[in-house]
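Below: one structure, written as structure tokens.
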Amino acid sequence: MSPNRTAKIISGKELSAEIRAELKVDVSAVAKAKRTPGLAVVLVGEDPASQVYVKSKRRICGELGINSYAHDLPVTCTERRLLNLIAKLNDDPKVHGILVQMPLPEHIDEQKVLNAVDPAKDVDGFHPLNVGKLLNGEEGFVPCTPAGCIEMLLRSGYDPAGKHVVVLGRSNIVGKPVAALLMQKAPGGNATVTVCHSRTKNLSAITKQADILIAAIGIPEFVKSRMVKEGVIVIDVGINRIPDKTRKSGSRLVGDVDFESVSKKAKAITPVPGGVGPMTIAMLMKNTVEAARRSN
Ligand code: GUN
């Protein structure tokens with residue numbers, strides 16, 4: 001290990017600002033040619049993390065000139081009421097994108113809700129039709145966090161083509177779709193992909209082979225420097241709140257990667273916060289503008 005290498009920081013904050021500036025122009029063009037893009041953001045309950053994410057999504061809509069329609073429902077909201085709201089939004093021509101913030105309360109079947117969203121308004125890319133299109137390499141909507149990961153790599157000059165990318169995590173929201181994008185025969189794809197998860201044996205032996213490592217397992221600071229090779233590119237998708245007595249709030253946010261040690265060995269790494277998070281929102285806005293552009 002070469003001593004004291006310090007990784008280049010891949011700033012999601014900066015890259016997403018760049019994308020938002022581009023999108024502002026697109027929003028005006030679509031507004032002129034058709035109508036102002038509109039995004040309905042549905043929040044059920046009062047999960048503090050979800051409240052923060054939803055607030056950011058609505059704020060960025062305002063910044064870009066996208067109409068944001070807020071629907072905040074109580075935690076006691078029935079599945080039927082939520083499905084009725086989605087049916088109404090599906091029929092509303094002012095709404096081009098529908099986002100239902102996850103997780104939903106336990107009494108509501110998440111998949112049933114995702115299936116109810118019109119695939120043409122499914123800017124989260126969670127509807128089975130869009131999931132299928134992604135695997136087929138057809139045009140649909142791609143989930144925002146995976147799209148953000150790829151965009152970060154490309155915009156910072158780390159094309160995954162021909163590289164060995166190891167994905168940690170197999171969730172429907174990140175692990176599976178990011179793996180699908182990386183193996184696509186298309187820009188941002190053409191990688192050799194290995195997906196690891198909680199049942200993977202000899203995990204370190206695999207993660208050490210990664211040219212690019214994408215961590216999305218939801219365990220704070222799980223990836224240690226001994227698990228990666230010198231010069232790896234690291235995309236940290238994790239957002240975990242851990243106790244920290246030195247902070248006034250009593251806690252701080254960390255990723256799935258032990259930034260302190262891994263950044264000494266990596267060639268480039270995304271920080272938490274200010275990494276993948278802002279990219280996810282930028283990709284959501286991009287999908288919303290695209291949905292408006294495609295609408296009749
Ligand atoms: N919860 C965590 N990530 C996401 C996301 O990308 N979209 C939605 N709707 N909910 C989430």
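As the structure lists them, so they are numbered: ligands from 1, and atoms in each ligand from 1.
- A donor atom on one side chain and an acceptor atom on the other are not found under 3.5 Å apart for T288 and H96.
- Screening I173, L99, N115 against F126 for a side chain to side chain contact (heavy atoms under 4.5 Å, CB included) leaves a single residue, I173.
- Contacts of Y53 with ligand 1, taken as heavy-atom pairs under 4.0 Å, are absent altogether.
- At under 3.5 Å, not a single nitrogen or oxygen of P103, backbone or side chain, sits near a nitrogen or oxygen of ligand 1.
- Comparing heavy-atom distances from atom 3 (N) of ligand 1 across V237, I239, I173 singles out I173 as nearest.
- Annotation: side chain of R293 is not in contact with side chain of K34 (no heavy-atom distance under 4.5 Å).
- With values rounded to the nearest 0.5 angstrom, L23 atom CG is found 7.5 Å from I19 atom CD1.
- Checking E110, M102, K57 against atom 10 (N) of ligand 1, the nearest heavy atom belongs to M102.
- Each of V27, V123, L284 was checked for a side chain to side chain contact (heavy atoms under 4.5 Å, CB included) with V289, and the lone residue meeting it is V27.
- Looking from atom 9 (N) of ligand 1 to the surrounding protein, the closest heavy atom is D124 OD2, 2.6 Å.
- Protein heavy atom in closest approach to atom 11 (C) of ligand 1: Q101 NE2, 3.4 Å.
- Considering both main-chain and side-chain atoms, V100 comes within under 3.5 Å of ligand 1 through a nitrogen or oxygen pair.
- Residues V174 and S171 meet the side-chain proximity criterion, which asks for heavy atoms closer than 4.5 Å.
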